[in-house]
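Please read the structure below before turning to the comments.
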Amino acid sequence: MKTNVSSTRRDFLHKLGVSAAATAVAGTQPLTAHAAVRKRNIQYAMLIDTRRCTGCHACSVACKAEYDVPLGVNRSWVEYVEKGDYPNVTRNFLPRLCNHCDHPDCVSVCPTGATYKREEDGVVVIDEDVCIGCGYCIQACPYDMRFLNPVTGTAEKCDFCEHLVSKGIQPACVETCIGSARIFGDINDPTSEIAQMIATNPVSVLRPDKGTEPNVYYIAADHSGEHERQRNRYVRVTTHRKQKIRR
Ligand code: SF4
Ligand code: SF4
Ligand code: SF4
């Protein structure tokens with residue numbers, strides 16, 4: 001197994017024209033297996049270098065402002081991962097947003113076709129005119145990246161600021177990031193900054209075991225909050241189901 005992964009990874013690096021091999025880290029999804037199945041010409045993706053993230057939340061605020069996101073819900077946010085006991089404590093930051101997965105669970109469960117992955121650029125979007133607010137996609141997303149907008153009653157999440165990107169402008173969170181921690185671009189273009197960075201750095205994705213093949217990558221991400229996140233998610237989903245049954 002290890003030999004196959006290494007071999008495909010080398011193929012991918014070769015395709016990119018990069019000679020330096022990136023080192024794999026724990027929790028890292030083999031980039032090569034991911035890239036090998038791509039058929040689209042363009043696949044937008046984001047790379048977040050957590051070493052450069054200060055946890056300032058400028059990105060979360062920019063996202064809220066860009067979409068007029070109501071109070072209590074977020075398209076994008078920054079998770080704090082805190083460990084240890086005083087005085088030996090650490091705090092790391094993990095910016096979160098929709099992963100625009102290659103195999104998105106949210107799409108397969110949607111009964112109306114309101115949510116889909118765009119052929120032209122791989123962005124997972126929601127057509128709010130077709131969405132009936134059933135919430136299936138919200139429960140299906142393994143990353144908790146969707147919510148029901150309390151004003152419109154339809155599902156919502158990050159769409160990589162498609163209205164800006166189509167005009168050649170970077171997503172609001174990228175434009176705003178004070179630490180230049182976020183890099184956005186076409187991962188299928190071997191000359192793009194994001195493709196080069198991913199090829200030459202150890203990167204990871206959230207929950208590679210889910211098989212969704214995310215398109216948001218991290219450098220030096222602390223995944224230790226994963227257990228807590230899943231536990232909280234289980235409690236939230238269970239509560240949501242109970243409420244639905246009671247109604
Ligand atoms: S992160 Fe969740 S909402 Fe986004 S594409 Fe993947 S499964 Fe769908
Ligand atoms: S809430 Fe909307 S997008 Fe989500 S599954 Fe239901 S119809 Fe589809
Ligand atoms: S704006 Fe940049 S540095 Fe600030 S929290 Fe967001 S990703 Fe981190």
Side-chain angles (χ1 to χ4, degrees), residues 29 34 43-66 74-81 91-118 121-150 152-160 162 170-184 205-222 229 233 237 240 244:
Q29 179 175 19
H34 186 62
Q43 172 62 62
Y44 285 133
M46 194 176 289
L47 172 66
I48 301 172
D49 186 345
T50 65
R51 297 169 302 183
R52 302 182 66 93
C53 177
T54 62
C56 69
H57 280 290
C59 50
S60 319
V61 174
C63 178
K64 276 257 182 192
E66 190 65 28
N74 296 284
R75 285 174 166 237
S76 167
W77 68 95
V78 181
E79 191 174 298
Y80 287 10
V81 183
R91 174 185 277 177
N92 294 309
F93 308 110
L94 191 67
R96 308 278 307 276
L97 68 162
C98 171
N99 292 290
H100 299 276
C101 307
D102 275 357
H103 304 296
D105 289 343
C106 56
V107 169
S108 53
V109 300
C110 180
T112 65
T115 191
Y116 59 96
K117 189 168 175 72
R118 297 204 305 198
D121 55 17
V123 176
V124 175
V125 294
I126 301 165
D127 183 342
E128 65 175 28
D129 291 333
V130 182
C131 175
I132 57 173
C134 67
Y136 289 174
C137 58
I138 296 168
Q139 296 204 28
C141 172
Y143 308 96
D144 258 351
M145 297 302 167
R146 290 176 170 242
F147 59 91
L148 269 192
N149 185 309
T152 63
T154 57
E156 196 170 318
K157 67 168 191 69
C158 158
D159 62 4
F160 273 165
E162 54 164 345
Q170 295 277 303
C173 61
V174 178
E175 284 281 354
T176 314
C177 180
I178 61 153
S180 301
R182 294 170 178 253
I183 299 170
F184 173 81
V205 294
L206 297 180
R207 298 303 307 267
D209 55 305
K210 292 293 180 185
T212 54
E213 300 194 16
N215 282 300
V216 173
Y217 294 84
Y218 295 90
I219 294 176
D222 186 339
R229 192 154 52 236
R233 172 179 160 72
V237 169
H240 180 68
K244 274 183 79 178

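Only heavy atoms go into these numbers, but all of them, side chains included; no hydrogens, no water, no symmetry mates. Just so you know, ligand 1 is whichever comes first in the structure, and atom 1 is the first atom listed for that ligand.
Counting heavy atoms from C-beta on, the side chains of Thr212 and Tyr143 come closer than 4.5 Å. By the 4.5 Å heavy-atom criterion applied to side chains, Val216 and Arg96 are not counted as neighbours. At least one side-chain heavy atom of His100 sits under 4.5 Å from a side-chain heavy atom of Lys157. For the pair Val107/Val124, a side-chain contact is recorded, criterion being any heavy-atom separation below 4.5 Å from C-beta on. The shortest side-chain heavy-atom distance between Asn99 and Val205 does not fall under the 4.5 Å cut-off.
Taken from CZ in Arg52 to CD1 in Ile178, the straight-line distance is 10.5 Å, to the nearest 0.5 Å. Here the CD1 atom belonging to Ile219 is positioned 6.5 Å from the CD1 atom belonging to Ile183, to the nearest 0.5 angstrom. Atom CZ of residue Arg182 and atom CD of residue Gln170 lie 11.5 Å apart, to the nearest 0.5 angstrom. The distance from the CD atom of Gln43 to the CG atom of Asn215 is 4.0 Å, given to the nearest 0.5 Å. For the atom pair CD of Glu66 and OG1 of Thr176, the computed distance is 8.5 Å after rounding to the nearest 0.5 Å. Considering CG of Asn74 and SG of Cys158, their distance stands at 12.0 Å, rounded to 0.5 Å.
The proximity of His100 to ligand 1, defined as any non-hydrogen pair under 4.0 Å, is limited to the backbone.
Closest heavy-atom contact between Cys137 and Cys106: CB-O, 3.8 Å.
Distances shorter than 2.8 Å separate atom 4 (Fe) of ligand 2 from the protein N/O/S atoms Cys137 SG. Within a radius of less than 2.8 Å around atom 4 (Fe) of ligand 3, the protein N, O or S atoms are Cys56 SG.
Of all protein heavy atoms, the one lying nearest to atom 2 (Fe) of ligand 1 is Cys141 SG, 2.3 Å. In terms of protein heavy-atom proximity, atom 6 (Fe) of ligand 1 is closest to Cys101 SG, 2.3 Å.
Taking the salt bridge (Lys or Arg N to Asp or Glu O under 4.0 Å) definition, one finds that Arg91 meets it with Glu82, sequence neighbours left out.
Close approach to Tyr143 involves these atoms of ligand 1, each under 4.0 Å from a residue heavy atom: 1 (S). Ligand 3 places these atoms under 4.0 Å from at least one heavy atom of Arg182: 7 (S). The atoms of ligand 1 that sit less than 4.0 Å from any heavy atom of Asn99 are 1 (S), 4 (Fe). Remark: ligand 1 atoms within the under-4.0 Å shell around heavy atoms of Pro104 are 5 (S), 8 (Fe). Ligand 2 places these atoms under 4.0 Å from at least one heavy atom of Pro111: 5 (S). Listed by number with element, the atoms of ligand 1 under 4.0 Å from a non-hydrogen atom of Lys157 are 3 (S).
Using a 4.0 Å cutoff on heavy atoms, Val124 counts as a contact of ligand 1. Under a 4.0 angstrom heavy-atom cut-off, Gly113 registers as lying outside contact with ligand 2.
Every pair passing side-chain hydrogen bond (donor to acceptor under 3.5 Å, both in side chains) that includes a residue from residues 104-115 is listed here, sequence neighbours excluded: Thr115-Arg146.
Evaluated for a ring-ring contact (aromatic ring centres under 6.0 Å, His included) with His57, the options Trp77, Tyr80, Phe93 yield exactly one hit, Tyr80.
For atom 4 (Fe) of ligand 1, the N/O/S atoms of Cys98 include one lying under 2.8 Å.
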